[in-house]
Amino acid sequence: MASNSFGSFLKLTTYGESHGVSIGGILDGVPPGIQLDLDKIQLEMDRRKPGQSSIVTQRKESDIVHFKSGIFEGITTGLPIGFEIQNTDNKSNDYGHIKDVFRPNHADYTYDQKYGQRDHRGGGRSSARETASWVVAGAIAKQILSDVKFTAYTHAVGALELTAKDTVDFDVIEKNPVRCPNEKVASQMEDYIRQIRKEGDTIGGIVKCVISNVPKNLGDPIFEKLHANLGKAMMTINAVKGFDYGSGFEGVSMRGSEHNDLFNTDGSTKTNHSGGIQGGISNGMDITFRVAFKPVATLMQKQQTINKNAEEVEMQGKGRHDPCVVPRAIPVVEAMSALVLADAYLLNKSIH
């Protein structure tokens, strides 16, 4: 299997499967001399880990990060940073019933067709468990970009969506299990997810991300546009079905006279329909984008599918699964954003 690395100047290579001994990675390209706050890295892992509330999967993983190289006395050495996360609560027996059965909307069938085999335990390498390694690397990238603020939150769960009339308070995000910046809407979303779970079903949603205090000049024209690299990063996340930035799809209904971001004398813009990126290069305004997540594919309901013998069979999901992936995806969205921006930042430094 190829394509286990992400990034150009700042490159992350990961390993491991959902039910293997451990997962982890190597982050190469981190400059020497950066004082890392390891507690902040662990905090990011705690935001992503399973079992943190009653509306997510009840798999219990401490997700403690063990650093193996590249850090000495809390300071980066410039060498590759190796890290490992142990898998301690992988109940592989929960997946015995799908050993020879393809779950609808999962990677089961495509993996089996491409590689001639697959690890059916928790989805193996296709599992969202893989994203834990991304969060470690993203937490380091955030500290490379210490002045940049990454804030992702739940914008919608199913049809429940923040509107222009709803107040948005970033201080509320980590105070509710849905990670919505409005307490009233968060409560409605939480009740809805609980109801969906009782029905043995799942639901999707939208994550919105705001990146503030962004340096100018990140990204390059043509094939390394900053928004294109952000889009690739977001579409890499499990269950993502859509990405837009700035005005996104809503911009198609606007006239150019409405959509153009007029300049202030200091080079900032009066509006930000561009989402902080013009011509593929950051302009110093906030970068804003949205990411759409599909409903989790594993249902606690009976469904028709096929097995390895191309026979129609009936199956029902078992084990521990998220009824809605959005709340736990928040730190993953921030992490992948940080990796993209840090990669572009370090590339800029290398050529100027």
Side-chain angles (χ1 to χ4, degrees), residues 1-7 11-26 50 57 59 85 87 90-135 137 200-205 223 228-243 291-326 328-329 332-333 336 339:
M1 181 187 294
S3 67
N4 292 302
S5 298
F6 180 84
K11 179 173 286 189
L12 170 66
T13 301
T14 67
Y15 74 88
E17 299 84 42
S18 177
H19 286 221
V21 174
S22 66
I23 58 175
I26 295 175
T57 173
R59 178 171 175 170
I85 307 155
N87 289 327
N90 40 357
K91 297 182 179 180
S92 300
N93 290 337
D94 287 345
Y95 296 89
H97 67 296
I98 61 166
K99 182 179 180 181
D100 299 312
V101 172
F102 301 125
R103 295 169 295 175
N105 266 49
H106 274 275
D108 297 348
Y109 180 79
T110 51
Y111 266 55
D112 191 79
Q113 292 294 299
K114 183 174 178 67
Y115 301 110
Q117 61 179 2
R118 66 183 174 93
D119 184 349
H120 65 279
R121 304 167 304 164
R125 188 121 172 89
S126 68
S127 169
R129 179 83 181 129
E130 157 75 10
T131 63
S133 297
W134 308 355
V135 171
D201 216 330
T202 61
I203 193 69
F223 298 124
N229 288 337
L230 280 170
K232 178 181 178 179
M234 295 307 116
M235 296 298 285
T236 298
I237 301 173
N238 306 61
V240 168
K241 304 297 285 185
F243 166 84
V291 189
F293 288 80
K294 70 172 183 175
V296 175
T298 299
L299 310 181
M300 300 301 146
Q301 299 178 0
K302 292 181 179 179
Q303 292 189 97
Q304 293 297 122
T305 188
I306 60 172
N307 60 22
K308 282 191 173 184
N309 297 322
E311 299 168 329
E312 288 190 354
V313 294
E314 187 177 73
M315 67 152 290
Q316 181 172 332
K318 296 180 182 180
R320 303 157 296 178
H321 304 277
D322 292 281
C324 179
V325 74
V326 172
R328 288 180 60 217
V332 182
V333 168
M336 294 303 285
L339 284 171

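The model shown is predicted, which means the values in this text are computed figures rather than measured ones.
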Task: Interatomic spacing from CE in Met336 to CE in Met235 - rounded to 0.5 Å - done: 12.5 Å
Open item on the list: Looking at Phe223, I'd like to know if its CZ atom is crowded, meaning that more than 12 non-hydrogen atoms belonging to other residues, nucleotides or ligands lie closer than 6.0 Å.
Closed with: no
Open item on the list: If we count only N and O atoms by modelled type, under 3.5 Å, do the side chains of Tyr15 and Ser133 hold a donor and an acceptor together?
Closed with: no
Open item on the list: Take a 6.0 Å sphere around NZ of Lys232 and say whether it holds more than 12 heavy atoms from other residues, nucleotides or ligands.
Closed with: no
Open item on the list: Quick check against the 3.5 Å criterion: does Asn105 have a side-chain atom that pairs as donor or acceptor with the backbone of Ala297?
Closed with: no
- [ ] Decide yes or no for Gln303 and Glu314: does some side-chain heavy atom of the first lie under 4.5 Å from some side-chain heavy atom of the second?
- [x] no
Task: Closest non-hydrogen atom pair between Phe6 and Ala233, with its separation - done: CZ-CB, 3.7 Å
Task: From OG1 (Thr202) to CZ (Phe293), nearest 0.5 Å - done: 14.0 Å
Open item on the list: On a heavy-atom basis, which atom in Asn87 and which in Gly20 lie closest, and how many Å separate them?
Closed with: ND2-O, 2.9 Å
- [ ] Starting at CZ of Phe102, measure out to OG1 of Thr110 and round the result to the nearest 0.5 Å.
- [x] 9.5 Å
TODO: Measure across Thr298 and Met300 and return the closest heavy-atom pair with its distance rounded to 0.1 Å.
DONE: CG2-CE, 4.1 Å
Task: Shortest non-hydrogen contact between Ile85 and Arg129, atoms and distance - done: CG2-NH2, 3.9 Å
Task: Check: Asn309 main-chain N/O paired with Asn307 side-chain donor or acceptor under 3.5 Å - done: yes
- [ ] Find the distance between CD1 (Ile306) and CG (Asp108) and round it off to the nearest 0.5 Å.
- [x] 10.5 Å
TODO: Hey, could you give me the NE2/CG distance between His106 and Asn238, rounded to the nearest 0.5 Å?
DONE: 10.5 Å
- [ ] Calculate, to the nearest 0.5 Å, the distance between atoms CD and CD1 belonging to Glu130 and Ile23 respectively.
- [x] 7.0 Å
Open item on the list: If you count every heavy atom of other residues, nucleotides or ligands that lies below 6.0 Å from Lys11 atom NZ, does the total exceed 12?
Closed with: no
Open item on the list: A side-chain contact here means heavy atoms from C-beta on lying under 4.5 Å apart; do Ile237 and Val291 qualify?
Closed with: no
Task: Within 6.0 Å of CZ in Phe243, more than 12 heavy atoms from elsewhere - done: yes
Task: Test side-chain hydrogen bond (donor to acceptor under 3.5 Å, both in side chains) applied to Thr305 - qualifying residues, sequence neighbours left out - done: none
